[in-house]
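Some notes on the structure that comes next.
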Amino acid sequence: MKSKRTKFWSGNNRFRLMVLAVVLPAASLIYVNFHHLKSIKRNKHLEGAIHRDFQQMLAISEKKINQKAYTMTEEARDLFPSPDTDTESEKRRKLDVILSKSPWLAHVFLFDIERDFLFRSQPQQMRDGDFREEHEHLAKMFAGWLGFDGKMFVEQIHKKNQPVMCQSFQVKRAGGDAYMTSAFFVLPQLPKDRVVLGGVSFEPNYLQQTFFPEVLEELIARKLTEEGGNQLAMVVYPTDYAGEHGDKRLAASAGWREGKPEVSRNLDDAFRGLALGIKFQGTSVEALGRAWVQRSFLILGVLSVLLVGGLVLTYRSVSKEVALARLKSDFVSNVSHELRTPLALIRLYAETLELGRIKTQEKVEEYYRIISKESERLTALINNLLDFSRIEAGRKEYDFRETDIAELVRNTLDAYRYQIEQQGFAFEQSIDSSLPAVRVDREAIARALVNLLDNALKYSADDKFLGVKVYGANGVLKLEVVDRGIGITRREQAKIFEKFYRTGDPLVHNTRGSGLGLSLVRHVTHAHGGKVEVESTPGKGSKFTLSLPLAAATQQPTNYKASGATAS
Ligand code: ADP
C-alpha cells in the first residue's frame with residue numbers, strides 16, 4: 001500500500017512539473033500576447049510603413065508629372081521661331097503653328113527684350129469673351145513683368161539645370177475658376193546673355209480632363225504591377241482647398257470616389273499650387289491596421305487552441321505512461337506472488353511425502369493431487385508468460401490444423417472438470433457436435449478457453465455457476481463462457497483486454513492473477529480472424545463470447561505472426 005502511494009505521488013509530481021514547466025509559460029505567453037494585442041488596438045507600425053510608402057510614391061509621382069509637363073514643353077520649344085533670323089510675321093506664323101499642333105496649349109509667347117513681345121492664343125477660343133479677356137490680361141501682365149524681371153529670369157534659368165520654369169495662375173473657364181500653369185524657357189540656340197524667353201500656357205481644361213486623369217491612372221497602374229495587393233487611388237487638388245474643402249479636387253483616378261487622402265504632397269515646380277493625394281480604394285490605412293490586429297487575435301486564438309490541445313494530448317499520454325508503469329510494477333509483484341505460492345505448496349507437500357510420515361493412502365493421493373494441480377497452475381502461468389513475451393516480441397506463431405472444435409472444447413473441459421467441481425461450481429455445458437471441422441491452433445484455442453474458465457472460477461463469489469456453450473450461427477462459430485460472479489463495470493469492460501489490466505474489485509485484488517489472460521485471449525481470437533466480446537453486469541455475472549468465422553477459419557494462413565498482445 002505504501003509503495004502504491006509513493007508511485008501515485010510520483011505520477012502526480014510529474015503532472016505538477018508539467019504544469020509548472022509547460023502550462024504556466026504557455027498560459028503566460030497567451031495572456032501577455034492577448035493583453036498586448038488588446039492594448040494596441042491597431043497596428044501603428046504597419047500604418048507608419050504604409051505612410052512612408054505612400055510618401056515615397058507621391059515623391060516619385062511628382063517627378064513623373066513634372067517630367068511629362070517638361071517633355072511637352074520641350075516639344076513645343078523645338079518648334080519655336082528664331083528671334084534673330086525669322087521675320088516678325090514668320091515668328092507669328094510659327095507660334096500659330098505650334099498652337100494648332102498642340103491643342104493642349106492655351107497660349108504661346110516669345111519675349112525678346114531687344115525687340116518685342118509676341119503673345120498668341122488658340123484662335124478658336126478667342127471667340128469666348130472670358131478667354132479674350134484672359135489673353136489681353138496675360139499679354140499685358142507678361143509683357144510688363146518680363147520687361148522688368150526678364151533679365152533676372154533668364155539668369156535664373158541658366159543657373160538652374162532645369163531649362164524650364166513654371167508659374168501658375170488662376171483663370172476663368174466656363175465652369176468657374178480654373179488652374180493654369182505657364183512654362184518659361186530660354187531658347188537653346190541663343191547665347192546666354194540674350195534676354196529672350198519663350199513660353200507656353202497649358203490649357204486648364206486639358207490639365208483637368210486629360211493630363212491629370214491620365215497621369216494618375218498611369219502611376220497607379222505602374223505601382224500595381226510592381227506590387228499587387230490593395231488598389232490605390234490618387235487625387236490632385238488645389239492646395240488652398242485642402243482640409244475641409246478636400247473634395248474640391250481638380251482630377252482623380254477612377255477608384256477615388258470620395259474621402260480625404262491618406263497622405264498628400266504639395267507640388268512644386270511645374271504645378272505649384274496643386275497637391276497630390278493618395279489612399280487605398282475602399283479601405284483606409286487605419287482599417288488595415290485594425291484588420292491586422294484582428295488577424296493577429298485570430299492567429300493567437302488558433303495557436304492557443306492548438307497549444308491547449310497539444311497539452312491535453314501530452315497530459316493524456318503521460319497519464320497513460322504512468323498508468324502503464326503502475327500496471328507493469330503491479331504485474332511484476334502479481335507474477336512473483338503467483339510463482340511463489342504454487343512453488344511453496346509443491347515444496348511443502350513433496351517434503352512431507354518424502355518424510356514418509358503420511359500413513360493413509362488417501363492422504364498420500366490427496367498430496368500428490370495437490371502437487372500435480374499446483375504444477376499445472378505453474379505450467380499455465382508460465383505458458384501465458386511465454387506467449388505474452390512472444391507476442392510482445394512479434395514472434396508468436398500459430399499452427400493451424402483441421403480441428404473438431406467440439407471435441408477440443410470437450411477435452412479441455414474434461415481436464416478442467418475436477419477443478420470446477422472441487423470448487424463447488426454448478427456446471428452446465430451445451431456443445432453442438434455437428435459443427436464442421438475448422439482450422440485452428442488447438443493449443444492456443446484451448447489455452448484461451450482455460451483462461452476464460454479460470455477467470456470465471458476466480459471471479460465468482462457466492463453464486464458459483466459456470467456455463468460453456470459451443471454453437472454455430474450465420475457462418476460464425478461461437479464459444480461462450482458464462483458465470484454469475486462479480487461482473488465488470490461498463491467502464492472497465494473496455495479495459496480488461498489490455499495487457500496487465502486488472503479491475504479495482506476487492507475480490508480481484510485478493511485473487512492471484514497477472515492481468516495477461518484476456519489480452520492473450522484477444523490476441524488468439526484476432527489471429528484466427530475472430531473477435532472476443534464481453535457482456536457483464538456488476539454483481540450479476542459475465543458472459544465472454546469468442547466468435548471465430550467458420551469459413552474463414554478453415555483458410556487461415558499457417559504462419560500468422562503476432563505483433564503485440566493488444567494487436568487487432
Ligand atoms: P487476471 O490474471 O487478472 O485474471 P485477465 O487478463 O484474465 O487477468 O483478466 C483481467 C481482469 O478482468 C481481471 O483482473 C478481472 O478484474 C477482470 N475479469 C476477467 N474475467 C472476469 C470475470 N469472469 N468476471 C469478473 N471480472 C473478470
Side-chain angles (χ1 to χ4, degrees), residues 323-324 326-342 376-389 391-392 412-413 416 419-420 423 425-428 444-469 479-526 531-546 564-568:
L324 194 67
R326 195 153 61 216
L327 286 176
K328 271 187 185 161
S329 95
D330 286 354
F331 165 76
V332 171
S333 76
N334 284 339
V335 167
S336 318
H337 188 68
E338 274 227 58
L339 286 171
R340 199 169 336 113
T341 318
E376 253 169 44
R377 194 195 279 275
L378 261 183
T379 314
L381 173 69
I382 287 167
N383 280 340
N384 269 358
L385 288 175
L386 285 177
D387 267 358
F388 173 72
S389 85
I391 288 170
E392 284 287 283
T412 315
L413 286 174
Y416 213 72
Q419 215 168 312
I420 299 170
Q423 291 193 29
F425 272 79
F427 179 58
E428 257 176 35
I445 292 289
R447 224 174 271 160
L449 177 58
V450 167
N451 268 311
L452 292 180
L453 296 174
D454 204 30
N455 282 347
L457 299 196
K458 280 198 294 187
Y459 305 123
S460 291
D462 302 330
D463 197 349
K464 295 183 177 219
F465 170 84
L466 175 67
V468 174
K469 206 169 164 186
L479 169 54
E480 284 177 10
V481 177
V482 183
D483 65 53
R484 293 180 190 153
I486 56 172
I488 306 152
T489 61
R490 186 160 277 283
R491 200 174 58 80
E492 287 179 309
Q493 284 172 23
K495 296 187 179 166
I496 51 172
F497 295 99
E498 286 168 16
K499 57 187 174 188
F500 310 135
Y501 190 84
R502 308 195 76 208
T503 62
D505 193 283
L507 179 64
V508 174
H509 253 286
N510 298 330
T511 310
R512 289 187 283 171
S514 60
L516 291 183
L518 287 182
S519 85
L520 293 175
V521 171
R522 182 164 74 166
H523 193 273
V524 169
T525 43
H526 284 174
K531 61 180 178 180
V532 54
E533 288 159 308
V534 61
E535 285 168 48
S536 184
T537 314
K540 292 246 163 74
S542 316
K543 177 165 91 178
F544 285 85
T545 310
L546 290 193
T566 51
S568 57

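Heavy atoms only: backbone and side chains are in, while hydrogens, waters and symmetry mates are out. Atoms within each ligand, like the ligands themselves, are counted from 1 in listed order. Given the structure is predicted, the values throughout are model-derived calculations rather than measurements.
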More than 12 heavy atoms of other groups within 6.0 Å of Lys458 NZ: yes
Residues, nucleotides or ligands: over 12 heavy atoms within 6.0 Å of Glu533 CD: yes
Side-chain donor or acceptor of Asp483 paired with backbone N/O of Ser542 under 3.5 Å: yes
Interatomic distance, Arg522 atom CZ to Glu498 atom CD [nearest 0.5 angstrom]: 7.0 Å
Separation between CG of Leu453 and CG of Leu466, rounded to the nearest 0.5 Å: 5.5 Å
Residues lining ligand 1 [heavy-atom distance under 4.0 Å, listed by chain and residue number]: Asn455, Lys458, Tyr459, Asp483, Ile486, Gly487, Ile488, Ile496, Tyr501, Arg502, Thr503, Val508, Gly513, Ser514, Gly515, Leu516, Gly517, Leu518, Ser542, Phe544
Over all atoms of both residues, closest heavy-atom pair of Gly541 and Ser536: O-OG, 3.2 Å
